[in-house]
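Step one of this worksheet: look at the structure below.
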Protein chains: 2
Amino acid sequence: MSTTTGDLARFSINQETVRQLPLPELVAACGDLGVTGVGLWRAPVQEYGVEATARLVRDAGLTVTSLCRGGFLTASDPDGRATALDDNRAAIDEAAGIGTDTLVLVCGGLPPGDRDLGGARERIADALGELSPYAAERGVRLAIEPLHPMFASDRCVVSTLGQALDLAERFPAERVGVVVDTYHVWWDDRAPEQIARAGEGGRIAAFQLADWCTPLPAGVLLGRGQLGDGSVDFRHWRELVTRAGYGGWTEVEIFNEALWARDGREALAETVERYRAHVL
Amino acid sequence: MSTTTGDLARFSINQETVRQLPLPELVAACGDLGVTGVGLWRAPVQEYGVEATARLVRDAGLTVTSLCRGGFLTASDPDGRATALDDNRAAIDEAAGIGTDTLVLVCGGLPPGDRDLGGARERIADALGELSPYAAERGVRLAIEPLHPMFASDRCVVSTLGQALDLAERFPAERVGVVVDTYHVWWDDRAPEQIARAGEGGRIAAFQLADWCTPLPAGVLLGRGQLGDGSVDFRHWRELVTRAGYGGWTEVEIFNEALWARDGREALAETVERYRAHVL
């Protein structure tokens, strides 16, 4: 087990990768495989209970590497904005409650009929100004995740690490960071220099992995592929974040119906093997 | 008709937008609607015959604004490379044969198992070095089209105008230009400065329009939306290319099964109306 834990010391499994496993089974499977980090999602945490989740993972010696997700901060109407801010304060409370210091933000797309990406990005900056002090008081850092440009209209108008850093750098580094997710940035020839910039500023809040596979499914959300099945050179990206000074967790986050249809423990074991084969 | 021709003076319909119309019917419909420019595709041109196509469009007073497409220049094996170069020389011959000065290039994705985007981009540069003199001798300019990053692995490793210009600028401007297609670049906050860069260098070879609509269909290729149905601010992009000195055609290129299922003349008439409503 000590060998296993050794090479998995920085490995975290995002809960959504094996969503077929209820939380207690996920925690047990992590123990059996020597996995010591998990990224959690709000809905299953709420279902199991924030305090019960905190106790479960603490008793198992697991670190919660992130909570997914806050965000959706681009509403242009006052009611929509107030609702989003309330929901994000709740997400921050939940992050603090389960003992993670990182709340991943999917910042939001364009409101219906709106075509102004720049305006939407400014509304995100406004919202971060409101939320980041609240989060900091609770020991939680907001982590802006740039999403692949194919999500720009409906999920996240922040499409590149450069844009994410332009937003994050308006705030102190300990309050607002960025997520480097290979699935979202692998195509971007400017990402390496932006990772260096993020590292210099102490802004890399999370490093997430999924592979890029085609053809994409309808709606594209569930296209994230198992490590090794696609076009991403994971060692290249791991080296880039390491060279930028990142020493945190590497979280594997895959949304993939074929993976979800399988036995959850088997899917988790495969993910660990793929991590060893393609990332380490 | 003169009014019609007036405001459609720079409007071109890409043949694939109304692929249900055989070439002679497309040409007739263009005449009826006052459309004076068409972008053609290799397969239907080959089917109708290059000389017959040239005669048909010339007799109708139509300008062929581009031929789609050459490219797929990323093969790493010598045979694949030679085949691609031969095919591109044929495409150049066809472009010259139908009397257009613009051959649009979809540069190609990653070969199977290859994860090196930078290497693939270099192979494109090599191929352009071979092809651009051949094209120039025939009065044809190669137009690098950056494709949306969601196509980076399987269709085109050139994902941004910045990357396209980095490639194009290795060659004389009259030999290699770039395509500004709203569908591919609308999300990119750096695209405006890259359009200015392209304009300064005389590199804008074509300006193409489609709207960004979600959810994307499986495979994503046929997601291009009718003007006005999605998130693209067309006037904004038209102003950007105009301000950059571009005075050429505006070609509407939509791949959309719902549009293809309709009466072709009706779909073309709607496209013209949408152009008036959302672009002019």
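So you know, we letter chains A, B, ... as the sequences are listed, proteins then strands, and number each from 1. Only this structure's heavy atoms are used, side chains among them; waters, hydrogens and symmetry mates stay out.
- The part of A:L117 that comes within reach of chain B is its side chain, from C-beta onward, which places non-hydrogen atoms under 4.5 angstrom from that chain.
- For B:D7 against B:Y275, the heavy-atom pair with the smallest separation is O-CE2, 3.9 Å.
- Among A:A152, A:G113, A:S153, the residue with the largest count of heavy-atom pairs under 4.5 Å with chain B is A:S153.
- Across A:R121, A:R190, A:H236, the residue that shares the most heavy-atom pairs under 4.5 angstrom with chain B is A:R190.
- Only the side chain of B:D154 comes within contact range of chain A, with at least one heavy atom under 4.5 Å from a heavy atom of that chain.
- Contacts between A:P217 and chain B at a heavy-atom distance below 4.5 Å involve the backbone alone (N, CA, C, O).
- For A:D189, the parts lying near chain B are the backbone and the side chain together; criterion is any non-hydrogen pair under 4.5 Å.
- Of the candidates B:Y183, B:F234, B:W187, B:W237, B:W212 forms a ring-ring contact (aromatic ring centres under 6.0 Å, His included) with just one, namely B:Y183.
- Judged purely by atom type and a 3.5 angstrom limit, A:T242 uses its side chain to pair as donor or acceptor with the backbone of A:R238.
- Only the backbone of A:V232 comes within contact range of chain B, judged by heavy atoms closer than 4.5 Å.
- Interface remark: A:S159 contributes side-chain atoms only to the contact with chain B (heavy atom separation under 4.5 Å).
- B:D211 contributes a side-chain N or O that, together with a main-chain N or O of B:S231, makes up a donor-acceptor pair within less than 3.5 Å.
- The main-chain N or O of A:T74 is found under 3.5 Å from a side-chain atom of A:R123 such that the two form a donor-acceptor pair.
- Proximity of a side-chain donor or acceptor of B:R175 to a complementary backbone N or O of B:R141 within less than 3.5 Å is not detected.
- At least one cation-pi condition fails for B:R10 and B:W249: the charged atom is not both under 6.0 angstrom from the six-membered ring centre and inside a 45 degree cone around its axis.
- The greatest number of non-hydrogen atom pairs below 4.5 Å with chain A, out of B:D188, B:L216, B:V220, B:L110, is found for B:L216.
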